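If you read the sequence from its start, that first residue is 1, and numbering goes on from there. Atoms considered below: every heavy atom in the structure, side chains included; atoms not considered: hydrogens, waters and symmetry mates. Quick caveat: nothing in here was measured; it's all calculated off a predicted structure.
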Amino acid sequence: MSSGIKVTAPVTISNINCGFDVLGIALEHTCDEIIGREHKKPGIHLNLVGPNARATPADPAKNTATVAIMKMLEFLGDSGKVGLEINLRKTIYPGSGLGSSAASACAAVMIANELLGRPLEKKMLLPFAILGEYAADQAFHADNVAPCLLGGVIMVRDIRLLDVHRIFSPPGLYITVISPDVQILTSEARAVLRDTVPLKDTIKQTANIAAFVQAMHTGNFDLLSRSLQDHVIERQRSALIPGFDEVKEIARDQGVLGFGISGSGPTMFALSQNENVARDTGQAIAAYYDKKGIETRTIMSLVNHEGTVLC
Ligand code: HSE
């Protein structure tokens, strides 16, 4: 049996306050990895391993990795012809707000592409990863899969047109993520959202997303800080996260540039210009949750510019 090839896909945070379903960042922290090899029997042979394997659907019709590969094989006309063995190591718990389902889908399409002799360019794998993630949350959005696959800070204008762009990220931007031990499924966190947004909030949100892009391109951290506000989603979802308002105050007191919900939560993130601020914020919030008897995991990272990679 061949030793196989390995792909890793990073943790991502999406929305970034003002960019619901539009903005996402890849972190320098592995979310999922896949070791894959050809299999003599046609079909996708999935093995789930790692600390969070049991929390991940083993049914190929519900697993984002297998769905993404099936969609890709259909497109290539290879369904039922090739056999692929996919050993998926889940490091991050699904439902944590760190792009766990997206990472499985991205790692899957990348490894399948390699095993098939690389018929597609990396960006062309994106639609299949989006379809794979749909299996997890029944929603089409690319604000986790696009940064996860391509790396960097990504803006998604239109997923059908693959109108997805990398935004320049100034050096020295630190990301802290804090995950309380609570599970929120994206489908549930989307179900709480109202369908309509008042015009005044739309104006504020649009202004902030424009300011975000300008601030990133010019390295204007003061403008970046002012742009990191969410007038649409946060107040509808924050009740799902224990202590959210207090924790936001703690982060502000530490001097972060911005603080918010990572994707659909419960993970929260802070952006900082200073490594000490990033570290102290993680520690202060972990101490808050510790007093409440809630376990947390924290990650501190710079922006990952590679995305999903072959190792
Ligand atoms: N933009 C999506 C949401 C990301 O917030 O529902 C889910 O991880």
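Between R237 and S264, the shortest heavy-atom contact is NH1-CA, 3.3 Å. The two residues D59 and T66 have their closest heavy-atom pair at O-OG1, 4.5 Å. The nearest pair of heavy atoms linking I130 to A142 is CD1-CB, 3.8 Å. Closest approach of R166 and G152 over heavy atoms only: NH1-CA, 3.8 Å. Shown here for I92 and T30, the closest heavy-atom pair between the two residues is CG1-O, 4.4 Å.
Under the 3.5 Å distance criterion, with hydrogens and angles disregarded, no donor-acceptor pair is assigned to the side chains of T64 and S101. For the residue pair H165/D163, the side-chain donor-acceptor check at 3.5 Å is satisfied.
Other residues, nucleotides and ligands contribute only 12 or fewer heavy atoms inside 6.0 Å of the NZ atom of K71. Counting heavy atoms of neighbouring residues, nucleotides and ligands inside a 6.0 Å radius, atom NZ of K123 exceeds 12 of them. In the displayed structure, E295 atom CD is contacted under 6.0 Å by at most 12 heavy atoms of other residues, nucleotides or ligands.
The side chain to side chain donor-acceptor pair (under 3.5 Å) analysis of residues 211-230, with sequence neighbours excluded, yields the pairs Q205-D230. Residue pairs meeting the side chain to side chain donor-acceptor pair (under 3.5 Å) criterion with at least one partner in residues 301-311, sequence neighbours excluded, are absent. The stretch residues 109-133 participates, sequence neighbours left out, in these ring-ring contact (aromatic ring centres under 6.0 Å, His included) pairs: F75-F128. The ring-ring contact (aromatic ring centres under 6.0 Å, His included) contacts involving residues 255-285 comprise F244-F259, where partners must be two or more places apart or lie in separate chains.
Side-chain atoms of F20 and V232, non-hydrogen and from C-beta on, never get closer than 4.5 Å to each other. In this structure, the side chains of I111 and L84 stay at 4.5 Å or more apart for every pair of heavy atoms. Using a 4.5 Å heavy-atom threshold, the side chains of T298 and T281 count as separate. Between L98 and R297, every side-chain heavy-atom pair lies at or beyond the 4.5 Å cut-off. Considering only heavy atoms from C-beta on, L185 stays 4.5 Å or farther from D137 through its side chain. Taking the side chain as every heavy atom from C-beta outward, V277 and L257 never approach each other to under 4.5 Å. Residues L302 and Y174 meet the side-chain proximity criterion, which asks for heavy atoms closer than 4.5 Å.
By the 4.5 Å side-chain criterion applied to Ile, Leu, Val, Met, Phe, Trp and Tyr, I203 is assigned to a cluster that also includes L199.
Legend: residues meeting side chain to side chain contact (heavy atoms under 4.5 Å, CB included) with E38, ordered by chain and number and at least two apart, are absent.
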